[in-house]
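Heads up: the structure comes next, in structure tokens.
Letters A, B, ... are given to chains in the order of the sequence lines, protein chains preceding strands, and every chain is numbered from 1.
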Amino acid sequence: MNEVIAASVKNLYGIDVDIVLTRPEPQFGDFASNIALQLAKKVGKNPREIAQEIANDLESNEDFSEVTVAGPGFINVRLSESALLALTKKEPLPTRAGKTIAIETNNPNPFKAMHIGHAFNAVLGDTIANLLAVSGAKVYRVSYHGDVGLHVGKSMYSLLRYADGDFSKIESVPENDRNSFMSKMYAEGSRAYKEDEAAKKEINDLAEQSFEPKSALYIQIYDLCKKWSFEQIDAIVARLGNQPTVYRFLESDADHYGVEVVKRNVPKVFQESEGALIFKGSEHGAFDNAFVASNGRGLYAARDLGLMLLKNEQFHPDESYIITGEEQGAYFKGVIAAAGQVWPEQKDQTVNIPTGLVKLTTGKMSSRDGDVVEISWLFDEFKKAIEIREGEASDEIVAGALRYQFLKVKIGGDVVFDVNEAVSLTGNTGSYLQYAHARAKRILDKISNNITMPTEMYDEDRALIRKLSEYSETVENSFRNLEPHHICNYLFELAQEFNRYYEKNQVVGDEKEAHRAGIVVLYADTLKAGLAILGIHAPEKM
RNA sequence: GCACCGGUAGCUCAGCUGGAUAGAGCACUGGUCUUCGGAACCAGGUGUCGCAGGUUCGAAUCCUGCCCGGUGUACCA
């Protein structure tokens, strides 16, 4: 359609233009263009006059049932029935076809509890991976975990004290308590590090041992707790509705590759400063950062370089995405700039997507003090709310509500998480959409085979059909900038539109039953497809 | 100090590749319905779009300055 209008402009005025169409209020039409307003100066005519000339030229096109000029010079186009119906079946254009992309869809550290912030990150990562896949890319979901360093030292400090030389004390922690147990161990170690000089010294040594353990007991506890952590992480991430990852990267593996890369690029990229090897990020819009410590130990930044190397060996991606909290934004800017210097041929291959924070309306969240909102608690809250309504609170339903809450705000912004609101199940929530889908399916259950997919439409169908026709462009818009929230907004509007339709137009038993059932099928399929991109299950009943 | 992100209705947020009276949800008030599943639908808004300039036929949207909040600012991750 854009081309049709562009051709018309070319034909009338001999000017090449890019036509951007907008969706006006339904009263004006299905699409609108302001091209006449933009051309007014160039052509030297009144914009309304130009609009009228273009409108006259477009009138003959059979895809348009009506072309009008309104306001200061908008061209409003109403589509013909067949053109509008055709749009409802249009697939999004796969703009990333042929690309290979690696993306981290979760990266909680072992030895710490997984909390709501990790869930947020994992859900965003998984959904962005979905968007990338829908846009045609070959997507590899990976995870990356910090299994070495200071936080390990802090946990090991408390764990070794808890064990008191007896490994079986650790081993006997019941499965259900492990997440909070680890959380507590970390918090205790963290507090000791802050308050007690002797403990601090010991923790530094224990952190060092995460690279090279000195005792058999250390290895036993470290290995077991790491294993527990990954079991927990995998279980929770699956429960959240994430698709499984294909590879787990570890900092302990990335470390020596990274250190090697850094050392090899001194002094070209990295410089020695006070014994450490640093990258002058300040010359690249970031900050100067140490990659290798003065004791020769690799730091987080070196490991991220090593990770890039490992990802390349493993997947040869054209692009590589890392989703993190915004507090790491400047840090990644530096690492990515350094990588661009080290591997100029892969410059800008890695992209960091910074997210906001999850804030709770009630109480604070701090992983340092062990005062965290654990994900299982959140699941329980949702479960209770659903059961009050006598609904079946399966993990899929709960995860749907939770994911939607995270995804409906624009990425990068903070999510203010009001448990009561999230759990309310009314209004713009995942539950509303899931319920809307279940309702539609129940209508179809009552109709045996009397369904014809719509080839025509009546006045009462138009609003819903028009909304359905916006699906494809909404998805394209969403994956262009990797912003899932557009799909949330759209699906909510779609479901509202359907609920209105449903209130006014009886399907089962009506003389238009077959036709209307076809529209219900179209709607249910669209809703399901949109929810699938968000990683939300569309239930048959609930 | 410098850098990045944010400031839109009582609350939580869309809208920001400039366009037609600035939109949703929540909350609040009233209504619909002998439920194709009421987790529904309908009606009800006097908003300094943080402030001040600028660009433009036109600015919530672009530019500049300022104010407020958050985050970051090398040997933690």
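Base-pairing analysis of RNA chain B finds the following stems of at least three consecutive Watson-Crick or G-U pairs, with both pairing distances under 3.5 Å: B:1-7 with B:67-73, B:10-13 with B:23-26, B:28-32 with B:40-44, B:50-54 with B:62-66.
Put simply, CD on A:Gln434 is 16 Å from C1' on B:rA40, counting in whole angstrom units. Rounded to an integer number of Å, the gap from CD of A:Glu326 to C1' of B:rG6 is 8 Å. Going from atom NZ of A:Lys512 over to atom P of B:rC36 covers 18 Å, rounded to whole Å. Taking atom OH of A:Tyr432 as the reference point, atom P of B:rG37 lies 16 Å away to the nearest angstrom. Between the P atom of B:rG15 and the CD atom of A:Glu493 lies a distance of 11 Å, rounded to the nearest Å. A straight line from CD of A:Glu49 to P of B:rC57 spans 19 Å, rounded to a whole angstrom. Distance CG (A:Asp414) to P (B:rC5): 14 Å, rounded to an integer number of Å. To the nearest angstrom, C1' of B:rU8 lies 12 Å from NZ of A:Lys410.
Annotation: cation-pi pair A:Lys512/A:Tyr458 present, NZ/CZ under 6.0 Å from the ring centroid and within 45° of its normal. Under a cutoff of 6.0 Å and an axis angle of 45°, A:Arg248 and A:Tyr144 do not form a cation-pi pair.
Going from the C1' atom of B:rG19 to that of B:rA60 covers 13 Å, rounded to whole Å. Taking atom C1' on both nucleotides, B:rU55 is separated from B:rG65 by 15 Å, rounded to a whole Å. Rounded to a whole angstrom, the distance from the P atom of B:rU21 to that of B:rA59 is 12 Å. For the C1' atoms, the distance from B:rG37 to B:rC13 is 30 Å, rounded to whole Å. B:rU12 and B:rU17 have their P atoms separated by 25 Å, given to the nearest Å. Across the C1' atoms, B:rA14 and B:rU61 are found 14 Å apart, a figure rounded to whole Å. The C1' atoms of B:rC68 and B:rC51 are separated by 10 Å, rounded to the nearest whole Å. Rounded to whole Å, the separation between the C1' atoms of B:rA9 and B:rG44 comes to 14 Å.
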Response to the item:
Heavy-atom contacts, protein to nucleotides 17-24 of chain B, under 4.0 Å, summarised as B (base), S (sugar-phosphate only) or - (none) per nt, yield --BBB--S
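Side chains of A:Tyr490 and A:Asn477: no donor on one and acceptor on the other come within 3.5 Å. Under 3.5 Å, the side chains of A:His515 and A:Asp461 contain a donor-acceptor pair of N or O atoms.
Here B:rA40 is the nucleotide among B:rU56, B:rC36, B:rA40 with the atom lying nearest to any side-chain atom of A:Glu503. Nearest nucleotide to the A:Asn499 side chain, out of B:rA39, B:rC41, B:rC13: B:rC41. The side chain of A:Thr426 approaches B:rA40 more closely than any other nucleotide in the set B:rA40, B:rU56, B:rC36. Which of B:rG70, B:rG37, B:rA14 sits closest to the side chain of A:Leu357 comes down to B:rG70.
Considering only side-chain N and O atoms, A:Lys446 lies under 4.0 angstrom from the phosphate OP1 or OP2 of B:rG37. Neither OP1 nor OP2 of B:rC41 sits under 4.0 Å from any side-chain N or O of A:Lys504.
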Worksheet entry | Trace of the salt bridge (charged side-chain N to carboxylate O under 4.0 Å, His left out) decision for A:Glu104 with A:Lys311 | CA-CA 10 Å; A:Glu104 287 176 22; A:Lys311 282 177 178 170; 2.8 Å; yes
Fill in: Worked verdict on A:Tyr432 versus A:Phe492 for ring pair (Phe, Tyr, Trp, His ring centres under 6.0 Å)
CA-CA 8 Å; A:Tyr432 176 96; A:Phe492 179 61; 5.1 Å; yes
Discussion item. Would A:Thr127 and A:Arg403 count as a side-chain hydrogen bond (donor to acceptor under 3.5 Å, both in side chains) here? Give the steps.
Written reply: CA-CA 9 Å; A:Thr127 305; A:Arg403 286 180 82 96; 3.2 Å; yes
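Residues A:Tyr331 and A:Tyr300 bring their aromatic ring centres within 6.0 Å.
If you check every strand for non-hydrogen atoms under 4.0 Å, A:Lys541 touches a base. A:Ala438 comes within 4.0 angstrom of a nucleotide base, judged by non-hydrogen atoms across all strands. Among the heavy atoms of the strands lying under 4.0 Å from A:Asn505 is at least one base atom, whether or not backbone atoms are also near. If you check every strand for non-hydrogen atoms under 4.0 Å, A:Arg500 touches sugar and phosphate atoms only.
Comparing A:Asp288 and A:Val409 against RNA chain B, the residue whose closest nucleotide sits nearer the 5' end is A:Val409. Heavy-atom distances to RNA chain B give each of A:Gly285 and A:Glu483 a nearest nucleotide, and the one nearer the 5′ end belongs to A:Gly285.
With A:Glu493 as the partner, the salt bridge (Lys or Arg N to Asp or Glu O under 4.0 Å) test is satisfied by one option alone out of A:Arg500, A:Lys467, A:Arg466: A:Lys467.
Atom CZ in A:Phe379 sits 11.5 Å away from atom CD1 in A:Ile397 (nearest 0.5 Å). Between the CZ atom in A:Arg439 and the NZ atom in A:Lys441 there is a gap of 15.5 Å [rounded to 0.5 Å].
Not one N or O on the side chain of A:Ser431 forms a donor-acceptor pair closer than 3.5 Å with the backbone of A:Ala401.
Heavy-atom minimum distance, A:Leu299 versus A:Ala290: CD1-O, 3.5 Å.
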Detail all sub-3.5 Å separations between protein N/O atoms and N/O atoms belonging to nucleotides 75-77 of chain B.
{"unit_1": "B:rC75", "atom_1": "O2", "unit_2": "A:Ser294", "atom_2": "N", "d": "2.6"}
{"unit_1": "B:rC75", "atom_1": "O2", "unit_2": "A:Ser294", "atom_2": "OG", "d": "3.1"}
{"unit_1": "B:rC75", "atom_1": "N4", "unit_2": "A:Glu274", "atom_2": "OE1", "d": "2.9"}
{"unit_1": "B:rA77", "atom_1": "O3'", "unit_2": "A:Glu251", "atom_2": "OE1", "d": "3.3"}
{"unit_1": "B:rA77", "atom_1": "O3'", "unit_2": "A:Glu251", "atom_2": "OE2", "d": "3.0"}
{"unit_1": "B:rA77", "atom_1": "O2'", "unit_2": "A:Asn109", "atom_2": "ND2", "d": "3.0"}

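Aromatic ring pairs are classed by plane angle as parallel below 30°, tilted from 30° to 60° and perpendicular above 60°; the pair A:Phe291 and A:Phe279 is perpendicular.
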